[in-house]
Protein chains: 2
Amino acid sequence: MFSIGKLAAASHCKIPTIRYYEDIGLLPTPRRSAGNQRIYGDRDLLRLRFIRHGRELGFDLKAIGQLLQFSALDHTASNHQHSHQAEAIAKVQLAATYSRIARLQSLAEELELMLVNCDESNDHQCQVLEVLANHQLCQHH
Amino acid sequence: MFSIGKLAAASHCKIPTIRYYEDIGLLPTPRRSAGNQRIYGDRDLLRLRFIRHGRELGFDLKAIGQLLQFSALDHTASNHQHSHQAEAIAKVQLAATYSRIARLQSLAEELELMLVNCDESNDHQCQVLEVLANHQLCQHH
DNA sequence: CCTTGAAGCTCTAGTTACTAGAGGTTTTAT
DNA sequence: ATAAAACCTCTAGTAACTAGAGCTTCAAGG
């Protein structure tokens with residue numbers, strides 16, 4: 001039995017975020033006390049931890065909703081087909097993660113180049129600004 | 001002399017985005033034709049290219065606004081102090097980029113681990129779901 | 001010149017995943 | 001009983017766009 005504050009503490013998720021997840025249907029609507037306060041169970045905590053963990057791993061809420069449908073937390077028996085679908089979602093996420101890494105690495109190299117040139121050209125116009133102002137000086141594309 | 005559509009094509013920036021940048025003050029308010037259509041000059045194109053380039057490099061709009069103030073595009077003479085400030089902004093951005101890369105790499109490893117286990121445990125409960133449901137199985141923190 | 005379609009206009013609101021605050025009620029601890 | 005903490009709903013904001021409605025202007029072709 002948890003109040004929303006207790007659930008928040010146990011799951012490292014903020015109270016308004018928990019309400020948001022309920023609003024968008026990611027968490028089920030909980031029972032209420034006589035004073036209209038939400039009452040959560042252990043299953044809610046497990047489900048919320050699943051969600052937060054998925055967010056930490058970069059899955060968007062839609063994907064997490066799908067994964068939840070495949071999991072035992074959504075009253076659906078997990079079977080072989082669902083396992084493959086969850087795996088597919090994770091693979092998409094992994095590919096997207098690598099793509100982001102590559103992009104960021106390219107950007108880091110560009111920024112490094114910009115800053116190295118800054119150090120070497122103390123007596124000249126700022127290279128950071130030069131490079132931003134002139135796309136030809138940029139090597140990433 | 002550019003119409004907004006011409007400016008958009010020349011800068012690879014969408015028309016509504018150009019209007020958005022004007023709304024938030026990142027681009028100056030342009031002259032208008034007798035028919036109330038925006039008329040842009042070469043300087044506007046240079047400025048917009050600067051902005052887009054900064055966005056590509058991951059600078060947020062606030063930082064870009066600051067960089068623009070230091071640049072010749074904002075009618076301010078660039079001087080030594082401004083060069084240092086631009087460099088400082090770029091350094092912050094670089095550090096943030098490396099931090100994001102590290103984070104994404106850690107996440108990628110976790111996803112890889114999840115998926116490897118999936119392949120090896122075809123006859124068992126899906127590891128993707130297992131790991132998401134049980135935080136203890138997760139090695140990143 | 002006229003017509004039509006393309007391009008432009010402002011305004012409102014949506015996207016994603018939260019987050020903040022106002023103004024109120026309930027619970028808890030002293 | 002009282003005061004503070006915790007809870008409630010609702011509205012709106014954050015960042016950086018993006019979409020669409022309903023209108024006007026422009027340009028090209030007949």
Side-chain angles (χ1 to χ4, degrees), chain A residues 1-27 29-40 44 47-68 89 92-93 96-97 100 103 107, chain B residues 1-27 29-40 44 47-48 50-68 89 92-93 96-97 100 103-104 107:
Chain A
M1 313 291 296
F2 299 91
S3 68
I4 195 168
K6 291 271 171 58
L7 186 69
S11 60
H12 305 295
C13 177
K14 293 182 179 173
I15 291 173
T17 307
I18 295 173
R19 291 202 198 100
Y20 172 67
Y21 289 158
E22 181 191 326
D23 280 350
I24 63 173
L26 206 52
L27 280 178
T29 306
R31 299 180 291 130
R32 300 284 183 129
S33 69
N36 199 34
Q37 299 193 1
R38 292 168 173 78
I39 305 177
Y40 294 99
D44 297 309
R47 189 176 172 98
L48 186 53
R49 279 185 172 151
F50 186 106
I51 292 164
R52 297 310 301 167
H53 197 187
R55 289 295 300 127
E56 284 172 17
L57 288 176
F59 293 97
D60 63 29
L61 295 183
K62 185 179 170 184
I64 290 168
Q66 288 168 338
L67 292 167
L68 278 168
I89 289 171
V92 167
Q93 180 62 29
T97 303
R100 266 179 231 127
R103 170 75 170 164
L107 297 184
Chain B
M1 310 292 299
F2 300 88
S3 68
I4 194 168
K6 291 270 171 56
L7 186 69
S11 60
H12 305 297
C13 178
K14 293 184 178 173
I15 290 174
T17 306
I18 296 173
R19 292 201 196 100
Y20 172 66
Y21 290 157
E22 179 191 328
D23 280 349
I24 64 173
L26 207 51
L27 282 178
T29 306
R31 299 182 289 132
R32 299 283 183 129
S33 69
N36 198 34
Q37 298 192 1
R38 293 168 174 78
I39 304 176
Y40 294 99
D44 297 309
R47 189 175 172 98
L48 185 53
F50 186 105
I51 293 164
R52 297 310 301 169
H53 197 184
R55 289 295 300 126
E56 283 171 19
L57 289 176
F59 294 97
D60 64 30
L61 295 183
K62 185 179 169 183
I64 291 168
Q66 287 168 338
L67 292 167
L68 278 167
I89 289 172
V92 168
Q93 182 61 28
T97 303
R100 264 179 232 124
R103 171 76 169 161
L104 286 171
L107 296 185

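First the proteins, then the strands, lettered A, B, ... as listed; each starts at 1.
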Problem - Spacing of OG1 belonging to A:Thr97 relative to CZ belonging to A:Phe59, to within rounding of 0.5 Å - result: 7.5 Å
Exercise for the section: For residues 18-27 of chain A, pull every pair meeting salt bridge (Lys or Arg N to Asp or Glu O under 4.0 Å), keeping only residues two or more places apart or in separate chains. Expected result: A:Glu22-A:Arg38
Practice task
Grab the two heavy atoms, one from B:Ala8 and one from B:Cys13, that are nearest each other, plus how far apart they are.
Solution key: CB-O, 3.0 Å
Problem - Any B:Arg55 side-chain nitrogen or oxygen under 4.0 Å from OP1 or OP2 of D:dC17 - result: yes
Exercise for the section: Remember a base hit wins even if backbone is also touched, and classify B:Arg19 as base, sugar-phosphate or nothing at under 4.0 Å, heavy atoms. Expected result: base
Practice task
Using a 4.5 Å cut-off on heavy atoms from C-beta on, say whether the side chain of A:Leu48 contacts that of A:Phe2.
Solution key: no
Distances under 3.5 Å only, N/O to N/O: pair up the protein atoms with those of nucleotides 13-15 of chain D.
none

Exercise for the section: For A:Arg52, enumerate each residue passing the side-chain hydrogen bond (donor to acceptor under 3.5 Å, both in side chains) test, keeping only those at least two apart in sequence or located in another chain. Expected result: A:Tyr21
Fill in the blank from the handout: Whole-Å distance, B:Ile15 CD1 to D:dT18 P, equals 12 Å
Completion exercise
Sorted by position of nearest nucleotide on DNA chain C, 5' first, the leading residue of B:Arg38 and A:Thr17 is B:Arg38
Problem - Heavy-atom check, side chain of A:Ile89 versus side chain of A:Gln66, under 4.5 Å - result: yes
Problem - Atom pair CZ/CG of B:Arg47 and B:Leu7 - distance to nearest 0.5 Å - result: 12.5 Å
Please tabulate, one pair per line, each protein N/O and nucleotide N/O from nucleotides 1-5 of chain D that are separated by under 3.5 Å, including the distance.
none

Exercise for the section: Measure the CE-CG distance between B:Met1 and B:Asp44 for me, rounded to the nearest 0.5 Å. Expected result: 10.0 Å
Handout entry: Spacing of A:Ile39 atom CD1 relative to D:dC8 atom P, expressed in whole Å
Key = 10 Å
Fill in the blank from the handout: Its 5'-most and 3'-most nucleotides having an atom under 4.0 Å from a non-hydrogen atom of chain B, DNA chain C is contacted over C:dG8 to C:dT10
Completion exercise
Separation of D:dA6 atom P from A:Lys14 atom NZ, nearest Å, is 16 Å
Exercise for the section: Check every strand shown and say whether A:Ile4 touches a base, only sugar-phosphate, or nothing at a heavy-atom separation below 4.0 Å. Expected result: sugar-phosphate
Exercise for the section: Write down the distance between CD1 (B:Ile24) and C1' (D:dA16), rounded to a whole number of angstrom. Expected result: 8 Å
Exercise for the section: Ignoring backbone atoms, test whether B:Tyr21 places a side-chain nitrogen or oxygen under 4.0 Å from the OP1 or OP2 oxygen of D:dA16. Expected result: no
Exercise for the section: Take the protein atom CD1 of B:Ile64 and the nucleotide atom C1' of D:dC17, then report the distance between them rounded to whole Å. Expected result: 13 Å
Practice task
Verify, without hydrogens or angle tests, whether B:Gln37 (side chain) and B:Ser3 (backbone) share a donor-acceptor contact under 3.5 angstrom.
Solution key: no
Problem - Of residues 29-37 of chain B, the positions that come close to DNA chain D - non-hydrogen atoms, cut-off under 4.0 Å - result: B:Ser33, B:Gly35, B:Gln37
Problem - Pairwise distance CG(B:Leu26) to CD1(B:Ile51) - rounded to 0.5 angstrom - result: 4.0 Å
Handout entry: From CA spacing to verdict: side chain to side chain contact (heavy atoms under 4.5 Å, CB included), A:Tyr40, A:Ile18
Key = CA-CA 11 Å; A:Tyr40 294 99; A:Ile18 295 173; 3.5 Å; yes
